[in-house]
Amino acid sequence: MARFRIMRLLALRNLLSHKVSSAIVGGIIVFGTFLVVLGTSILDTIDEAMARGITASLAGHLQVYSADAQDDLALFGGGFMGNAEIGTIPDFAVVRKKLEAIDNVEAVIPMGMSLHTDVPASELDLAITRLRQAVATGDPGEIDSLAQQIRDMAADIEEEQNKTRAIARKEEQVRIDERLEILRRVRSEAFWQALSRTPEEELTYLDGKLAPLSLEGEMLWMRNLGTDLDRFAERFDRFELVAGELVPTGRRGLLLAERFCEDQLKNKVARDLDQIFTAVTERGQKIAQDPETKDKARRLPGQYRRVTYDISPEDAALIVERLAPLVGVGKNIEETIKTLLTVTDENLAAHHKAFYEQVAPHIRLYKAKVGDTLTLRSYTKSGYIKSLNVRIWGIYRFKSLEKSDLAGAQNLLDIVSFRELYGIMTKEKQEELSAIRKEVGAAAVNRDDAEAMLFGGGDALETRAQQTDMDDAEIFGADGALAVARAESDGFDPTQVDQGLALNAAVILKDPDRLDETRAQIAAVSKAEGLNLQVVDWQQASGIVGQLIIVIRIVLYVAIFIIFLVALAIINNSMVMATLERIDEIGTMRALGAQRSFVMGVFLLETLILGAFAGLVGAVAGAAVVGLLGHAGIPAPNDIMIFVFSGPRLFPAVGASNVIFALAVIFLVSLASTFYPARIAARISPVVAMQSKE
Amino acid sequence: MAANIWRHWKPRESSMSDIVQLNNVVKEYALGKTVVRALRGVSLTLARGEFIAVAGPSGSGKTTLLNLIGCVDKATSGTVTLDGAETNTLDDHALTELRLHKLGFVFQSFNLIQVLNVYQNVEFPILLQGTSTGGERHRMVEEIIDRVGLKEYLRHRPNELSGGQRQRVAIARALVGKPMVVLADEPTGNLDSKTGQSIIDLMKQMNREEQTTFIFSTHDPRVMEQAQRVIELVDGQITANGAQPAKA
C-alpha cells in the first residue's frame with residue numbers, strides 16, 4: 001500500500017512535470033473517448049429506434065419462414081424485391097396455434113409479399129371513355145372539345161413516333177409506319193366527320209388502335225403485402241390510416257401506402273414539382289445551384305402535356321383566367337401551364353401554391369384513389385397470369401416513417417386475395433386437379449361454390465382435397481387454372497384468413513428483451529412439431545437496409561480502431577521519450593533498490609491515471625454532446641436515413657454501457673501503449689546513476 | 001604518497017567483521033570494438049565501521065570498484081561477496097533486494113528525485129523496503145532529516161535547495177534504511193570545499209554513531225586524508241591500501 005502510494009505520487013508528479021506530452025496524450029485520449037461515447041451512443045440509439053420502427057411497423061420482433069427457403073427473408077429490399085424464393089408456410093393456422101402457445105408470444109401475423117401489376121388507364125383512355133359518354137348523351141360541345149384533346153394527344157404521339165423512327169432499324173420502321181398511319185387517320189378531319197355518322201365504328205377504332213399507342217398507361221408495379229389486415233392494423237403500433245377506411249372484416253381490399261401514392265400514383269409533373277419544392281424548402285437547396293434540382297426544374301415545363309391532357313376545355317378557360325395575373329395575359333392553356341411550370345428560386349413558392357390551388361383540382365392528381373378498383377395481375381409460380389379486381393379502401397402509413405420510401409413501399413392486401421394471386425401449380429398437380437375437377441363436375445361449379453371449395457367452407461370438396469394430400473397453395477393454383485378472369489366476389493369467410501398459406505409470419509413478443517430466448521423456443525417448437533420453420537430477428541429479416549446499421553457499426557469500430565492505433569503509437573512514442581529523459585531518475589531508483597516491477601508500475605500508473613482522467617473528460621464531453629443532440633435531434637438527410645432513424649430525426653441518448661465500453665477501451669489502449677516504454681524503463685541499469693555528471 | 005610498500009599486499013583472512021570481500025576481481029567493458037579492462041585483479045576486504053577513501057586519477061577504476069561493491073554491476077571474473085552473498089551468482093531481483101536492504105548510495109550529482117520533496121525522497125528507500133509501519137517511517141525520516149540538519153526543509157523540493165543541502169538529503173536517504181555499507185561516488189565533487197568539508201564531517205559523524213561502513217571515491221587530497229584507510233587505484237589495480245599514516 002505504501003509502495004503503491006509512492007508509485008501514485010511519482011506517476012502524478014511526473015505527469016504534472018511533463019505538461020506538454022501529458023497534454024498531447026491526454027488530448028488524444030479525450031478525443032478517442034469522446035468519439036467512442038458519441039459514436040456508440042448514436043449507434044445504440046439507432047439500433048433502438050430501428051428496432052422500434054421496424055418491429056412496430058412490419059417485421060414484428062421475430063419472423064418465421066420456411067426452413068426450405070432458397071433466399072433470405074428481406075422485408076425491406078434485398079432479393080425480396082424481385083420476388084425472392086422464401087418458400088411457404090403451407091398451413092398458417094397450425095403455426096399460429098403452436099407459436100401463440102409460447103408464453104412470450106403476443107401475436108403471430110401471417111404475411112406474404114409479392115409483386116403485382118396494375119395498368120391504370122392512360123389520359124388517352126380516359127378521354128376516349130369521356131368521348132363515348134358524350135356521344136351517348138349527344139353533347140356536341142363536349143364532343144368537339146374532347147375530339148380536339150384526342151387529336152392533340154395523337155399529334156404528340158406522332159411527334160414522338162417520328163423521333164423514334166429516325167433512329168429505328170428497318171424492320172422497326174415498318175411497325176412505326178403502321179402506327180403513324182393510325183395517328184394520321186385519327187388526326188384527319190374525315191375521321192371526326194365519320195364519328196357523327198358511324199360513332200361506334202370510330203370509337204372502336206380509337207379504343208382498339210389509338211389507345212394502345214398512348215405514351216402513358218405504363219405498367220404499374222406494386223409490392224403488396226398480403227396479411228391479416230384486421231390484426232395487422234391492431235398489432236403494429238406504427239400503422240396509421242391516412243385516408244379512407246380499414247378494409248372491413250371478410251372483404252377483399254387494398255390499403256395503399258401513402259409513399260406509394262406519392263411516388264407512383266401521383267401525376268409526374270406534380271411529383272417533380274413537389275420534389276423541387278421539398279429540395280428548396282426543406283433541404284435549403286437552390287434551383288440555380290444544385291445540379292439535380294436545376295435539371296429537374298429545366299425539364300419540368302416540357303412536360304406540360306401531362307397536365308393539359310387532363311384539363312377539359314371549360315376548366316382550361318377558367319385556369320387561364322385565374323393564372324393570368326401570375327403568368328401573363330393572352331396565353332392559351334398550354335402556354336399558361338408551361339409558364340407556371342417554369343420555376344425559379346424566386347417564383348417557386350407562388351407557382352407551387354398556384355399549381356395546387358388552381359390546377360390540381362382540375363386534373364387527375366393520382367392515377368388511383370380510395371374507392372377505385374384495381375385489376376391486380378400477378379405472374380404465378382407456374383407462369384400463367386392471374387388477375388383479380390381489388391378495391392382500394394384506404395391509404396395508410398407508418399407513424400414517423402412517413403417520409404421513408406423504404407418503409408412505405410408496400411401496400412397492404414387481404415391475405416385471401418394474396419393467396420389467389422400467388423398460385424403454385426406444377427404439371428402433375430394440374431393433372432391431378434383436372435382429375436378432381438372431372439370427378440366433382442367442375443364445369444358446373446359456380447362462383448360461390450368455387451369460393452367454398454377454395455377456402456374449405458365445410459364442403460365435401462375440402463375433404464377431397466385433404467384426401468389427395470394437397471395444400472391450400474395448390475388449391476389456389478387450381479383456382480387460377482379454373483378461372484383466370486372471372487369476376488371476383490368482394491367478400492369471403494373471415495375464418496379463411498388463418499386457414500391456408502403464408503410466406504412468412506411476424507411474431508410480436510410480450511417482452512422484447514427476451515427475444516433470443518423466445519427465438520430458441522420457437523425453433524424448438526418448430527422442430528418438435530415438424531413445422532419446418534426458420535426464425536430470424538427483425539434485424540436479419542429487414543434485409544440489406546436493416547443490416548446497414550451493422551455496416552455503420554463496423555465502420556465506426558474501424559475508425560475507433562484506427563484512432564486508437566494512432567493514439568497507441570503516439571502515447572508509446574511520448575512515453576519512450578519520457579523514459580529516455582528520465583534515465584537518471586530511473587537508474588537512481590533502481591540503485592536505491594527499486595525492482596523493475598516498481599519502475600514498470602510507475603509508468604503504467606502514469607498512463608492509467610492520464611487515461612482515466614482524459615477518458616472521463618472525453619466521456620463527459622461525449623455524453624454532453626449526445627445530450628445536446630438528444631435535445632435537438634439529428635435530422636435524417638435522406639430516405640434511407642429516415643428509415644434507419646425510424647423517423648425524420650434521431651434523438652440519441654447515452655447509456656451506461658457506452659461509457660463503460662469507452663473507458664474499457666481506453667484502459668486497454670493505455671496498458672498496451674505503455675507496455676513497451678515501461679519495459680525499456682525497467683531495463684535501465686542502475687549503473688547509469690553512478691556515472692558522474694557535472 | 002608513500003604507497004609502494006602496499007603493492008604486494010595480500011588480503012587478510014576473512015573475519016566476522018568483514019562485510020565485503022573482493023577476490024581477484026576483473027572487470028572488462030566493451031567500448032566500441034575495443035575492450036577496456038577497468039579492474040585488473042582487485043582483491044579487497046571491507047570491515048564493519050570502516051571509513052574508506054578510494055583514490056586515484058580519472059579512469060583508474062574507482063567508480064567501477066564502487067559499482068561492483070554496490071551491486072549495480074557484476075564482475076567479469078573473480079568474486080565479490082557482500083555480507084556472505086556472492087553477487088555474481090545472484091539475479092537482478094536478488095541484487096536489487098541486496099541494494100535495498102544492505103546498501104546506501106550517495107552520488108556526485110546528488111540524484112534526488114526531482115518530483116519528490118525532501119521528506120518523500122528520504123522516505124523512498126524505506127517505503128520500498130516495506131518493513132516498517134507508517135508511524136515508524138515517519139519517526140525514522142524525521143529523525144534522520146533532523147540529524148542532517150534539514151528539519152526546516154521537509155517540504156522543499158530538491159531544486160529549492162543548495163548543493164550542500166541536497167547532498168545532506170542524499171546522505172539522509174542513504175542512511176535511513178540502516179544499511180551496512182554506504183557507497184559515495186565523489187560525494188564532494190560538485191561542492192565547494194567548505195560545503196564539501198561539512199559533508200565529510202557529516203559522513204564521519206554517521207560512521208561513528210551508526211557504525212556504518214563508508215566507502216567513497218575522491219581525488220581531493222584534503223578529503224582523502226580524513227579517511228581511516230585509503231585505497232589507491234591506478235589503471236585498474238590497487239597501488240596502495242592502508243591506514244592513514246598520520247592522523248586517524
Side-chain angles (χ1 to χ4, degrees), chain A residues 1-22 575 578-603 605-606 609-610 678-694, chain B residues 29 58 62-68 70-74 92-117 120-121 123-134 137 157 159 170 173-174 176-177 179 183-186 189-190 217:
Chain A
M1 263 298 97
R3 210 176 295 190
F4 178 71
R5 202 171 56 100
I6 196 83
M7 276 165 75
R8 198 184 55 198
L9 186 66
L10 278 168
L12 265 175
R13 289 283 165 79
N14 282 329
L15 284 174
L16 290 175
S17 56
H18 298 87
K19 290 194 179 67
V20 175
S21 85
S22 297
M575 290 302 280
T579 308
L580 298 180
E581 259 174 49
R582 274 144 61 181
I583 283 181
D584 291 341
E585 183 186 306
I586 294 161
T588 304
M589 291 197 292
R590 294 279 287 126
L592 293 178
Q595 293 290 358
R596 284 182 172 158
S597 56
F598 177 87
V599 175
M600 280 188 85
V602 171
F603 272 71
L605 203 59
E606 253 177 61
I609 291 172
L610 184 60
R679 266 177 67 92
I680 295 181
R683 295 203 170 273
I684 289 172
S685 165
V687 173
V688 299
M690 304 290 279
Q691 282 154 358
S692 54
K693 299 150 292 278
E694 298 306 320
Chain B
Y29 294 108
S58 289
K62 300 189 297 288
T63 301
T64 306
L65 180 64
L66 291 183
N67 282 349
L68 292 174
C71 299
V72 297
D73 209 349
K74 287 183 184 182
D92 180 77
H93 188 269
L95 287 176
T96 306
E97 285 293 301
L98 215 53
R99 289 198 297 273
L100 180 58
H101 294 281
K102 308 254 160 102
L103 301 173
F105 289 87
V106 176
F107 307 95
Q108 181 181 357
S109 327
F110 326 128
N111 288 24
L112 298 179
I113 297 170
Q114 294 298 322
V115 296
L116 304 181
N117 64 27
Q120 290 160 339
N121 263 289
E123 190 189 23
F124 186 74
I126 50 172
L127 267 173
L128 288 179
Q129 284 178 352
T131 50
S132 45
T133 66
R137 270 203 309 278
R157 292 283 199 89
N159 59 6
R173 180 177 68 179
V176 73
L183 299 113
D185 190 18
E186 301 270 6
N190 282 2
S217 64

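Here the structure is a predicted model, which means the values were calculated and not measured.
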With a 4.5 Å cut-off on heavy-atom pairs, point out which of B:Gln129, B:Arg99, B:Arg173 contacts chain A the most.
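The residue among B:Gln129, B:Arg99, B:Arg173 with the greatest pair count is B:Arg99.
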Can you tell me how far the CZ atom of A:Arg13 sits from the CG atom of B:Asn117, to the nearest 0.5 Å?
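A:Arg13 CZ to B:Asn117 CG: 6.5 Å, rounded to 0.5 Å.
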Please determine, among A:Arg596, A:Glu585, A:Gln595, A:Arg590, the option with the most heavy-atom pairs under 4.5 Å with chain B.
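Answer, by heavy-atom pair count under 4.5 Å with chain B: A:Gln595.
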Criterion side-chain hydrogen bond (donor to acceptor under 3.5 Å, both in side chains) on B:Asp185 and B:Gln108, from CA distance to verdict:
CA-CA 6 Å; B:Asp185 190 18; B:Gln108 181 181 357; over 6 Å; no
Salt bridge (Lys or Arg N to Asp or Glu O under 4.0 Å) involving A:Arg582 - partner list, sequence neighbours excluded
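A:Arg582 satisfies salt bridge (Lys or Arg N to Asp or Glu O under 4.0 Å) with A:Glu606 once adjacent residues are dropped.
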Is a side-chain N or O of B:Thr96 found less than 3.5 angstrom from the main chain of A:Ala594, in a donor-acceptor match?
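A pair under 3.5 Å: no.
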If I measure from the heavy atoms of chain A, does B:Glu97 come under 4.5 Å with its side chain, its backbone, both, or neither?
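Both parts, backbone and side chain.
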